[in-house]
Amino acid sequence: MEMLMLCLHSILLFIFLVSLNINISSAKTSYNVLAYGARPNGKTDSTQAFLDAWTAACGSTAPTMIYIPKGRYLLGSVAFTGGNCKSPDITIRIDGTLIAPDDYRILGLASNWLSFEGVSGVSIVGGALDAKGSPLWDCKSKGSNCPAGATTLSFVNSKNIKIDGLLSLNSQMFHIVINGCQNVQVQGVRVIAAGDSPNTDGIHVQLSTDVAIMNSSIKTGDDCISIGPGTKNLWIERVRCGPGHGISIGSLAKTMDEPGVQNVTVKSTIFTGTTNGFRIKSWARHSTGFVQAIRFIGATMINVQNPIIIDQNYCPHNLNCPNQVSGIQISDVMYQGIRGTSATPVAIKFDCSFKYPCKGIGLQNVNLTYFNKEAQSTCTNAIGKTYGQVQPDNCL
């Protein structure tokens, strides 16, 4: 009887641990950055301590965790590389805030603040990244001699990446970049920057496959999410955008030889006070690029200037425009279940290439108004169909 009770107790304990999502067999060796000399006072440079903790975690052949306790940690530009990593699974648990130097020029001359290059199986969980970008934005607004600025968090040529519950504040340039990566999950991310902050894209994806961006809120001065050449199998769902420039594919046709964008799905999004909702943009120049198999499904537009737009004559500020014909071939793009308000009379604008008209454009159950009045739509070189009720009236 005693043996039976002992077995029953062990079984109940196992069930309890499983219910807490505790995997007994995969306990991770923890590397606390404080043990490597990091100081949570926001004043002491902890860059080397973070690098030393990374090197130690990489050196293990088992799953590892780098732990960053509560506090503020001053970091300069740092690259975490995976060339010598043996650990198949590195979790970076951030309970504190990483802060950039007060002098914006220190980061401003670097391409990235925190970069991960050639890594596999890295997860970033929690925490905040404060890049202190506003002094650089002020410099740029005055037109003085300013550095370009740094991306806050960059993953390059990496795979099996997770970013969960991260807050990015006041990036100098892009907040998060996914470049040349495979199998990336971004969830519960918050991005915050001023609505007039220049070139502060929230999340930028390019040359990457199998990326998911879920349950995130992005408030910034440029595209909430920008989708560059070579993006394939991208899933975006339950994202709030605004202020910002919307969710954009492009800009494309920056170069002649450019990989295409394909199989992108955007679901259940809310845009508030943005300059665009769903945008596809390309420069008017020759290119081998393309856009195909795109689905924009279930969106609410609240006072959005261009809720639905394809612009193949993209040229911001009308400076150095190529004035050619866009070679980007756009096909199989569906807009479904999109409703709300436009801040301008034209709620749907398709301005496509004369040489390669947009083909297979679909509008299904779209209802966009302009100050409680009927909005307008304009189509140039666009071929497609409507399904169900579509307002404004179809121009396809």
Side-chain angles (χ1 to χ4, degrees), residues 26-136 147 149-158 160-173 175-177 189:
S26 64
K28 296 183 178 182
T29 304
S30 181
Y31 298 84
N32 191 319
V33 294
L34 297 181
Y36 294 88
R39 294 292 176 263
N41 57 20
K43 299 178 182 179
T44 305
D45 189 338
S46 295
T47 306
Q48 190 59 49
F50 275 61
L51 273 173
D52 291 345
W54 171 261
T55 300
C58 277
S60 171
T61 57
T64 57
M65 179 176 74
I66 298 172
Y67 180 58
I68 303 162
K70 291 181 180 179
R72 295 172 64 80
Y73 299 85
L74 175 63
L75 292 182
S77 176
V78 57
F80 302 99
T81 58
N84 296 318
C85 264
K86 300 175 183 177
S87 177
D89 179 358
I90 301 177
T91 297
I92 302 173
R93 172 74 203 194
I94 308 175
D95 285 343
T97 299
L98 313 187
I99 63 172
D102 287 331
D103 185 348
Y104 66 82
R105 290 168 295 187
I106 295 174
L107 278 192
L109 296 173
S111 299
N112 301 290
W113 178 22
L114 309 172
S115 65
F116 291 82
E117 302 168 7
V119 302
S120 178
V122 171
S123 301
I124 297 178
V125 180
L129 310 177
D130 185 355
K132 298 184 177 180
S134 55
L136 178 58
T151 290
T152 289
L153 176 64
S154 174
F155 280 90
V156 180
N157 299 329
S158 300
N160 305 329
I161 304 301
K162 294 182 180 179
I163 305 172
D164 190 353
L166 181 71
L167 168 63
S168 177
L169 289 169
N170 299 328
S171 184
Q172 287 191 344
M173 285 277 284
H175 288 262
I176 299 171
V177 168
V189 163

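Because the structure is a prediction, the values reported are computed rather than measured. Along the sequence shown, residues are numbered consecutively beginning with 1.
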Search all heavy atoms of [X] against all heavy atoms of [Y] and return the closest pair with its distance.
{"X": "Ser158", "Y": "Gly118", "value": "OG-N, 3.4 Å"}
{"X": "Ala38", "Y": "Ala49", "value": "N-CB, 3.3 Å"}
{"X": "Val33", "Y": "Ala53", "value": "CG1-CB, 4.1 Å"}
{"X": "Pro147", "Y": "Leu109", "value": "CB-CD2, 3.8 Å"}
{"X": "Ile94", "Y": "Ala128", "value": "CG2-N, 4.4 Å"}
{"X": "Pro63", "Y": "Pro88", "value": "N-CD, 4.3 Å"}

Nearest-0.5 Å distance that lies between atom [atom1] in [X] and atom [atom2] in [Y]:
{"X": "Met173", "Y": "Ser111", "atom1": "CE", "atom2": "OG", "result": "9.5 Å"}
{"X": "Ser123", "Y": "Asp89", "atom1": "OG", "atom2": "CG", "result": "6.0 Å"}
{"X": "Leu98", "Y": "Leu74", "atom1": "CG", "atom2": "CG", "result": "10.0 Å"}
{"X": "Thr151", "Y": "Leu107", "atom1": "OG1", "atom2": "CG", "result": "11.0 Å"}

For a side chain to side chain contact (heavy atoms under 4.5 Å, CB included) check, start with the C-alpha distance between Ile99 and Tyr73, then their side-chain angles and the critical distance, and finish with the verdict.
CA-CA 6 Å; Ile99 63 172; Tyr73 299 85; over 6 Å; no
How about Phe116 and Trp54: are their ring centres within less than 6.0 Å of each other?
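Yes.
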Do you see a donor-acceptor pair shorter than 3.5 Å between the side chains of [X] and [Y]?
{"X": "Asp52", "Y": "Tyr31", "value": "no"}
{"X": "Ser171", "Y": "Thr152", "value": "yes"}
{"X": "Lys28", "Y": "Thr91", "value": "yes"}

Should Leu129 and Leu153 be marked as a side chain to side chain contact (heavy atoms under 4.5 Å, CB included) after you check the CA-CA gap, both sets of side-chain angles, and the distance that decides it?
CA-CA 9 Å; Leu129 310 177; Leu153 176 64; 4.2 Å; yes
Using a 3.5 Å distance criterion without hydrogens, assess whether the side chain of [X] forms a donor-acceptor pair with backbone atoms of [Y].
{"X": "Ser77", "Y": "Asn112", "answer": "yes"}
{"X": "Gln172", "Y": "Ala150", "answer": "yes"}
{"X": "Ser46", "Y": "Arg39", "answer": "yes"}
{"X": "Thr47", "Y": "Asp45", "answer": "no"}
{"X": "Ser60", "Y": "Ala62", "answer": "yes"}

Before giving the answer on side chain to side chain contact (heavy atoms under 4.5 Å, CB included), spell out for Val156 and Val119 the whole-Å C-alpha distance, their side-chain angles and the decisive distance to 0.1 Å.
CA-CA 8 Å; Val156 180; Val119 302; over 6 Å; no
Side-chain contact test, heavy atoms from C-beta onward, threshold under 4.5 Å: evaluate it for [X] versus [Y] and give yes or no.
{"X": "Leu34", "Y": "Pro40", "value": "yes"}
{"X": "Val78", "Y": "Leu51", "value": "yes"}
{"X": "Ile66", "Y": "Phe50", "value": "no"}
{"X": "Ile92", "Y": "Ile68", "value": "yes"}
{"X": "Leu114", "Y": "Ser154", "value": "no"}
{"X": "Ile163", "Y": "Ile176", "value": "yes"}
{"X": "Pro69", "Y": "Asn32", "value": "yes"}
{"X": "Ile124", "Y": "Phe155", "value": "yes"}

Could you please spell out the steps behind the side chain to side chain contact (heavy atoms under 4.5 Å, CB included) verdict for Ile90 and Cys58?
CA-CA 8 Å; Ile90 301 177; Cys58 277; 3.9 Å; yes
Option among Asp103, Asn170, Asp102 that satisfies the side-chain hydrogen bond (donor to acceptor under 3.5 Å, both in side chains) test with Lys132:
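So the option named by the test is Asp102.
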